[in-house]
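Below: one structure, written as structure tokens.
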There are 2 protein chains.
Amino acid sequence: MASPMHQVIAQDLRERIESGELLPGDQLPTELELRSRYGAARNTVRDAVRSLMTLGLVVSRQGQGTFVARRLEPFVTTLSPGPENGLSGTEGDDAFAEARRQHRRPSASVPRVETLLATRGIADELGVPEGTAVIVRRQERYLDGQPWSLQTTAYPMELAMQGAMSLLMAQDIPGGTFAYLRDTLGVAEVGHRDLIQVRPPTDDEARFFDLADNGRVAVVSCMRTGYQDTGEGPAPFRVTCTVFPADRNEFRISSGQVPPAQPAPAEG
Amino acid sequence: MASPMHQVIAQDLRERIESGELLPGDQLPTELELRSRYGAARNTVRDAVRSLMTLGLVVSRQGQGTFVARRLEPFVTTLSPGPENGLSGTEGDDAFAEARRQHRRPSASVPRVETLLATRGIADELGVPEGTAVIVRRQERYLDGQPWSLQTTAYPMELAMQGAMSLLMAQDIPGGTFAYLRDTLGVAEVGHRDLIQVRPPTDDEARFFDLADNGRVAVVSCMRTGYQDTGEGPAPFRVTCTVFPADRNEFRISSGQVPPAQPAPAEG
DNA sequence: GCAAATTTGTTCGTATGTATT
DNA sequence: CAATACATACGAACAAATTTG
């Protein structure tokens with residue numbers, strides 16, 4: 001009963017959206033209209049609309065109006081190994097294959113490569129001393145031309161010293177680094193471990209993914225450490241961090257015996 | 001240069017927080033102080049502080065002040081099967097074991113049980129017709145007395161008809177439903193598939209997890225479909241949805257050969 | 001191409017309510 | 001009860017982006 005006016009207005013608008021009275025893409029009443037409809041000040045209706053924006057239910061554009069948000073078609077990334085190969089869908093060619101299965105057109109920027117000294121976090125994951133030289137390869141990845149994910153992979157410089165010089169080249173490695181390291185050095189990934197975190201985007205990430213009100217849409221960070229077999233147990237040799245905006249990505253993990261394929265979602 | 005005043009103020013405060021000048025738990029200057037410090041109106045400094053709240057950097061409490069947010073100690077849930085058993089850490093006794101390994105004290109509410117007719121979503125996952133009778137068991141789960149996750153599992157009513165009557169009882173099933181179904185009906189889970197989504201909390205979820213400004217902190221929803229072996233391939237027999245607040249939970253997934261244990265994080 | 005109208009964004013000022021100390 | 005601090009609400013003016021005539 002004692003709810004603040006802006007909450008009441010927000011709740012009312014929310015019900016009109018969720019009931020389907022206002023459809024995605026529809027324009028909400030203007031602030032002037034809402035002001036007279038609810039007998040409230042403009043700042044008050046703006047507070048109400050702002051809370052709907054925080055929920056991602058509406059978006060407003062200066063000079064145009066406020067509109068019911070369109071739901072983004074989620075893209076599903078598989079984090080567990082597929083039955084046919086030992087890979088999974090976050091990285092390289094395999095990510096591309098999964099994207100095409102979902103009828104999306106994947107693309108990626110030319111990799112940017114830098115060499116630096118391992119920070120504490122990277123060193124811990126790679127099992128090397130802090131300050132060890134590492135190669136970092138970065139890529140922006142797109143789906144249907146829209147920003148999809150940011151990927152950063154760190155390898156010990158050691159791998160290049162041993163002959164994997166292509167790691168240092170700022171260009172795609174045909175067939176993927178996975179196959180390249182196996183064929184060049186016999187370094188084969190026999191397992192990996194993912195750590196999934198959800199957090200607010202950095203400014204860079206918000207800019208790349210075009211996340212307007214900074215902080216509203218979270219990002220999912222997937223840090224994958226890849227292991228090779230050394231004869232004395234698995235040892236890490238690369239760590240990849242892939243960052244996805246949470247509002248348009250989902251993740252799938254299979255374990256044990258499950259049906260082979262997922263039924264394709266109904267499309268209009 | 002042309003940045004709005006509230007953004008400039010927010011950026012300045014943000015830098016003072018991230019540089020360590022203001023430590024977690026410290027009180028920010030009051031709105032009155034900020035107003036005179038930046039020569040801005042109170043509404044303007046409030047806008048600035050609000051954006052820091054959206055980022056989760058500060059929390060404000062009426063009558064007290066605004067404080068730099070304390071980082072929550074993340075809890076790590078393992079989504080992949082462990083080496084010793086065929087389970088993984090989201091559910092039942094296994095979740096409890098994982099919590100204790102991380103030196104947390106887990107607890108859970110007595111299950112609430114209801115029977116209902118499967119909605120479209122549940123029916124699709126269970127591979128039964130829409131409207132089929134299902135048993136739904138719900139639990140609130142806590143870590144060190146703090147709300148941790150909400151778990152809802154749906155089973156076909158068929159399982160109770162075949163003798164698994166405990167599914168209908170609003171009480172814990174000793175040893176877990178996993179073992180119960182195996183021992184009672186020979187229904188053993190041979191695999192499962194997870195779908196992980198990140199979304200704003202519902203009102204119920206925001207209330208349970210005590211997420212203040214509704215919509216700021218996302219929740220991670222993990223929907224796990226469990227499969228049994230029917231001789232004609234795996235068939236689904238249960239679907240569990242576990243919901244975690246994103247600001248205090250992380251997830252780990254292993255695949256292939258990886259080192260057995262994770263080094264315990266350094267503690268102060 | 002330009003000017004006017006429309007709509008949201010920013011900023012100011014003020015007053016009162018509510019929770020905490 | 002009083003003081004403090006954030007929450008809610010009203011009103012007003014101008015800026016910036018977009019659409020319309």
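Keep in mind it's a predicted model, so treat the numbers as computed, not measured. Below, read A as the first sequence line, B as the second, and so on, with proteins coming before strands; counting in each chain starts at 1.
The side chain of Q64(B) places no N or O atom within less than 4.0 Å of a non-bridging phosphate oxygen (OP1 or OP2) of dA19(C).
Looking at V198(A) and V220(B), their side chains come closer than 4.5 Å, going by heavy atoms from C-beta outward.
Atom-to-atom, CG of L28(A) to P of dT7(C) comes out at 13 Å; the value is rounded to the nearest Å. Following rounding to the nearest Å, Q62(B) (CD) and dA19(C) (P) show an atom-to-atom distance of 6 Å. Distance, L32(B) CG to dG13(C) P: 13 Å, rounded to whole Å. The interatomic distance linking Y38(B) (OH) with dT11(C) (P) rounds to 14 Å, in whole Å.
Residue whose closest nucleotide on DNA chain C sits further toward the 5' end, between D47(B) and R42(B): D47(B). Judged by closest nucleotide on DNA chain C, R61(A) is the one of R61(A) and N43(A) placed further toward the 5' end. If A41(A) and E31(B) are placed on DNA chain D by their nearest nucleotide, the residue sitting closer to the 5' end is E31(B).
Of the residues listed (W148(A), Y142(A), F251(A)), the one engaging F75(A) in a ring-ring contact (aromatic ring centres under 6.0 Å, His included) is W148(A), and it is the only one. The residue from L34(B), L32(B), L13(B), T30(B) that alone fulfils the side chain to side chain contact (heavy atoms under 4.5 Å, CB included) condition with V45(B) is L34(B).
Side-chain proximity of A40(B) to dA19(C), dT8(C), dC12(C): nearest is dC12(C).
Counting any heavy atom pair closer than 4.0 Å across all strands shown, R46(A) reaches a base atom.
Between F209(A) and F244(A), the gap from one ring centroid to the other reaches at least 6.0 Å.
Using modelled atom types, one finds a donor on one side chain and an acceptor on the other under 3.5 Å when comparing T225(B) with E125(B). Side chain to side chain, Q11(A) and Q7(A) fail the donor-acceptor criterion of an N or O pair below 3.5 Å.
Of all nucleotides in DNA chain D having an atom under 4.0 Å from a heavy atom of chain A, the first and last in 5' to 3' order are dT8(D) to dT19(D).
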